[in-house]
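Numbering of residues begins at 1 and proceeds along the displayed sequence. Small disclaimer: the values here were computed from a predicted structure and weren't measured. We count ligands from 1, going down the list as the structure has it; atoms in each ligand are counted the same way.
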Amino acid sequence: MPDNGLTPASGASSGTSSGTQDFDLKAHIRGVPDFPKPGILFYDISTLLRDGPAWRGAMDRLAEIIRPYRPTLLAGIESRGFLMAAPMALELGLGFIMLRKPRKLPGATIGYDYDLEYGKDRIEMQADALRPGERVVLLDDLLATGGTMAAAIQLLRKAGAEVPAAATLIELRFLNGRARVDVPVETLATYDD
Ligand SMILES: O=P(O)(O)OC[C@H]1O[C@H](OP(=O)(O)OP(=O)(O)O)[C@H](O)[C@@H]1O
Ligand SMILES: Nc1ncnc2[nH]cnc12
């Protein structure tokens, strides 16, 4: 764990939903209390990103897990999902597309509106981003309530894609986001509180 003056996020050593226990990702993630609001423990991946070998290890491990789903394209969810999708695309020899907050993408877009706990949100992609028969694996850094991921899957389907799986570094299992997502979600580190 880097000496960053902040607490490592709690929990036993990390594994994956595929059962592999050989990469201790949790040692590289810090928990920042009361960010962005009092009472929230923020799982910060900055400490992982700034450690070259650890970041490489995480991407290698996730690539191994994603490969069997045989994606033809990846999609990253703004903004931390882009950090995942870009290196993963290079690793797998694929392209990737950006799923963005409203009015960020040029040209014709397709959007999907979804409900938040209070209010609404929308996610968009470029209308010409997909070719026929595309199998898109979705990437983000973290699964919390699952609202963002569920909306992203609906958007990709609306655009004509098949979504065989989604993958994140971190899953906050106590929020039960998986229940809202109807594809397999692969994760490298799970937190129970
Ligand atoms: O499962 P959910 O409850 O929907 O939450 C998970 C989402 O929240 C975070 O993104 P955020 O909206 O903070 O944006 P950022 O990536 O730009 O920081 C995270 O990167 C996921 O995209
Ligand atoms: N607790 C958390 N830490 C980091 N990113 C998040 N996105 C939603 N909840 C989060």
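- For L41, every heavy-atom contact with ligand 2 shorter than 4.0 Å involves the backbone, none the side chain.
- Residue contact annotation: E78 has a non-hydrogen atom under 4.0 Å from ligand 1.
- Between L188 and A58, the closest heavy-atom pair is CD1-O, 3.6 Å.
- For ligand 1 and D141, the ligand atoms under 4.0 Å from any heavy atom of the residue are 19 (C), 20 (O).
- At least one donor-acceptor pair closer than 3.5 Å links the side chain of K26 to the backbone N or O of T190.
- Near L142, meaning under 4.0 Å from one of its heavy atoms, ligand 1 places the atoms 6 (C), 21 (C).
- Near R80, the atoms of ligand 2 lying under 4.0 angstrom from a non-hydrogen atom of the residue are 4 (C), 5 (N).
- The shortest N/O to N/O separation between A144 and ligand 1 falls below 3.5 Å.
- For the pair G81 and ligand 1, no heavy-atom separation below 4.0 Å is found.
- Nearest heavy-atom pair, G177 versus L143, reported as atom, atom and distance to 0.1 Å: C-CD2, 4.2 Å.
- In terms of heavy atoms, I77 sits closest to I123 at CG2-CD1, 4.2 Å.
- Within ligand 2, the atoms closer than 4.0 Å to a non-hydrogen atom of A144 are 8 (C), 9 (N), numbered from 1 in the order shown.
- In this structure, atom 11 (P) of ligand 1 lies nearest to the protein heavy atom R80 NH2, 3.8 Å.
- Salt-bridge formation is not detected for the pair E124/R100: no Lys NZ or Arg NE/NH1/NH2 atom is positioned less than 4.0 Å from an Asp or Glu carboxylate oxygen.
- At a heavy-atom cutoff of 4.0 Å, ligand 1 is contacted by both the backbone and the side chain of T145.
- Checked for salt-bridge contact, R61 and E64 meet the test: a charged N lies under 4.0 Å from a carboxylate O.
- Counting only heavy atoms of the protein, atom 14 (O) of ligand 1 lies nearest to K101 NZ, 3.3 Å.
- Taking all atoms of both residues into account, the shortest heavy-atom contact from H28 to T47 is O-OG1, 2.9 Å.
- Atom 15 (P) of ligand 1 has as its closest protein heavy atom S79 OG, 3.4 Å.
- Considering only non-hydrogen protein atoms, atom 4 (O) of ligand 1 sits nearest to T148 OG1, 2.5 Å.
- For the pair L105 and M125, the tightest heavy-atom approach, listed with the atom from each and the gap, is CD1-CA, 3.6 Å.
- Each of the atoms 1 (N) of ligand 2 lies under 4.0 Å from some heavy atom of L172.
- For D140, every heavy-atom contact with ligand 1 shorter than 4.0 Å involves the side chain, none the backbone.
- Counting only heavy atoms of the protein, atom 3 (N) of ligand 2 lies nearest to Y43 N, 2.9 Å.
- Less than 4.0 angstrom separates atom 8 (O) of ligand 1 from none of the non-hydrogen atoms of the protein.
- For ligand 1, the atoms closer than 4.0 angstrom to any heavy atom of G146 are 1 (O), 2 (P), 3 (O).
- Heavy atoms only, all atoms of each residue included: R122 and Y114 are closest at N-CE2, 3.9 Å.
- The residue from D141, V32, L142 that puts a heavy atom closest to atom 6 (C) of ligand 2 is L142.
- Of the options N176, T187, D192, a side-chain contact (heavy atoms from CB on, under 4.5 Å) to E171 is made by T187 and by none of the others.
- With M149 as the fixed residue, the side-chain contact (heavy atoms from CB on, under 4.5 Å) test singles out one of V183, T168, L142, L139: T168.
- Contacts between E171 and ligand 1 below 4.0 angstrom, taking non-hydrogen atoms only, are absent altogether.
- The aromatic rings of F35 and F42 stand perpendicular to each other, their planes meeting at an angle above 60°, with 30° marking the opposite boundary.
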